[in-house]
Amino acid sequence: MSDNKIMPWIDELEGAAATDFPARRDEIAAMMAEAAELARKAEELRGKAYFAGCSLEGQAKGHWSMEAVEQAKRRAGW
């Protein structure tokens, strides 16, 4: 797949260009590209959420004692 096209063999089928197979293949490729972009965005969002959680915990430890926060975490099953 030197041109990065999925299912390039469709282009090798005799008369394929006169069918909807190439267009359907391109729709699949577009779905795969969208899925990859959404996965990238999800990973970025997970990272942001992790750091926001760390920040919130740090702020909680500034508001309550570290011991109180740790006890609350244990009670919550953390």
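What you see below is based on every heavy atom in this structure, not just the backbone, and it leaves out hydrogens, waters and symmetry mates.
By the neighbour-count criterion of 12 heavy atoms within 6.0 Å, atom CD of E37 is densely surrounded, having more than that number from other residues, nucleotides or ligands.
Salt bridge K73/E70: present, at least one basic N to carboxylate O contact under 4.0 Å.
Within the model, atoms CE of M66 and CD of E57 stand 9.0 Å from one another, a figure rounded to the nearest 0.5 Å. Note that CG of D11 is 4.0 Å distant from CZ of R25, once rounded to the nearest 0.5 Å. A distance of 11.0 Å separates NZ in K61 from CG in L56, rounded to the nearest 0.5 Å. The distance from atom CZ of F21 to atom CZ of R24, rounded to the nearest 0.5 Å, is 5.0 Å.
A16 and I10 make their closest contact through CB-O, 3.1 Å (heavy atoms, listed as atom of the first residue, atom of the second, distance).
Cluster partners of Y50 are F51, counting Ile, Leu, Val, Met, Phe, Trp and Tyr whose side-chain heavy atoms approach within less than 4.5 Å, directly or via other members.
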